Structures are given as C-alpha cells and as structure tokens.
Amino acid sequence: MTRRFLFVLGSARPDGNTELLARRAAEQLPPDVEQRWIDLTAHPLPDFEDLRHDTDHVRPTEGDPALLLDATLAATDVVIASPLYWYSVSAQTKRYLDHWSGWLRTPGLDFHAAMAGRTLWGVTALAHPEPEVADPLAGLLNNSAAYLGMRFGGVLLGNGSKPGDVLKDTEALGRAKTFFAREAPLARFPYEAG
Ligand SMILES: Cc1cc2nc3c(=O)[nH]c(=O)nc-3n(C[C@H](O)[C@H](O)[C@H](O)COP(=O)(O)O)c2cc1C
C-alpha cells in the first residue's frame, strides 16, 4: 500500500525551525512515499465550535476545513510539525486537533475507524536546552493517538530560537535521518516520558 504522509505545519512564521527539521526528516522518505505539506497559517481553520450535545456536526464541503479533513482522511501518516509554544503545540495546531473532535462526531464520516491503525508523528523545535520540557507536547500527541487507536512514532526534537538555528543542532539533524524509519507501535495510555 502506498504510504501518504501529511505534514501539518503549525508555526506562526514561515520557514521556521520546525519546518526545516521536518523537511530534513522527509528527505529520507523513499521516493514512492507521497508527501503533502499544509501550512495551517495559510489555511486557517475557524474557531472550533463544540456542537456535540446540541446538533450534529456537518461534514465540511468547501474551504480550508474541507481541505484539511480530506487531506487527513487521505493520509496513512499524519505529521504534526508544531513549534513548542508554552510547552505544548501552537494554537493553530491545537485548533486543527480540536476539529478532529468535530470530525469524530460527524455522521457518515466514521473518523475514528478511518484513523485507527494509521500513524501519528511529531516534529518540534524549541528554544529551551532541556528536551524534557517538550513532554507535554509528546504526551498530547501520544494520548491523542491512543484515543483514536493510532500508532505513534514519537517526536523529533530540535533546538533553536531564530529561524535557521536548528540547522546548527547536529544531533537533531542526525536523528532526522532515521526518524521516519523507526517503528511506530500502537499508542497506549498513559504516556510515559523518556
Ligand atoms: C508563543 C511562543 C511560545 C514559546 N514557548 C516556548 C516554550 O514553552 N519553550 C521553549 O523552549 N520555547 C518556546 N518558544 C520558542 C520557540 O519554540 C522557538 O523559537 C522555535 O524555534 C520556534 O519554532 P519555528 O522556528 O518553527 O517557528 C516559544 C515561542 C513563541 C513565539
């Protein structure tokens, strides 16, 4: 089966460290793996509205919500490429994940069954020198994958503050070379750091 990677870019600036690191990792994917890159700033989702207990969610048919839903459903692998903001994902990324909650409750979509068995990955850049401070982001992604019955490939971390800094993080660039080749086991609760 052809693998299709969807890279969801969640930085609030273009050409940032997270994207640079994700692109380094993606360079190593075999040529028969399809790649699609979507920048959430270029394709902003509306604020998520929680309709769970009022009315049915309706499948979006146009605009950025439809683009992101269709791209997500088409992907065998979803890569959340978000900078570390306040020890977690960026607001753009969080909003995208909040929309998953609506998609889970959209009649006829069966988002849960569609996503089960697929793989979630994380790529993040952070300014802080200790990687452990990104544990909340890793936990968020692991637990979300577990909730959906997905596999979780872990988080590729790189260090940097201004754009381009991550290219000086030689350890991160080394990890990027093999990141997508690693085993991605079924995600399990609870997240165990380290
Ligand atoms: C709103 C905001 C929050 C941030 N919060 C953190 C943080 O909690 N921990 C950290 O180490 N770096 C933090 N940073 C620094 C960024 O993670 C760092 O600059 C990173 O390289 C940005 O990724 P990008 O270049 O892909 O945009 C924050 C930056 C911004 C703008």
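Both counts, for ligands and for their atoms, begin at 1 and track the order of listing. Every value quoted in this text rests on a predicted model; they were computed, and no experiment measured them.
Between Arg23 and Glu27 there is no salt bridge, since no side-chain N of the basic residue sits under 4.0 Å from a carboxylate O of the acidic one. Using a cut-off of 4.0 Å between Lys/Arg side-chain N and Asp/Glu carboxylate O, Arg95 and Asp98 are scored as not salt-bridged.
Closer than 4.0 angstrom to ligand 1 sit non-hydrogen atoms from Ser11, Arg13, Gly16, Asn17, Thr18, Pro83, Leu84, Tyr85, Trp86, Tyr87, Ala125, Leu126, Ala127, His128, Gly160, Ser161.
Of all heavy-atom pairs between Ala172 and Leu156, the closest is O-CD1, 4.1 Å.
A donor atom on one side chain and an acceptor atom on the other are found under 3.5 Å apart for Tyr96 and Thr72.
Remark: side-chain polar atoms of Asp169 are not paired, donor with acceptor, to backbone N or O of Gly158 under 3.5 angstrom.
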Let me check something: any side-chain donor-acceptor pairs from residues 174-194 under 3.5 Å, sequence neighbours excluded? List them with distances.
{"residue": "Arg175", "atom": "NH2", "partner": "Leu157", "partner atom": "O", "Å": "2.7"}
{"residue": "Arg182", "atom": "NH1", "partner": "Gly153", "partner atom": "O", "Å": "3.0"}

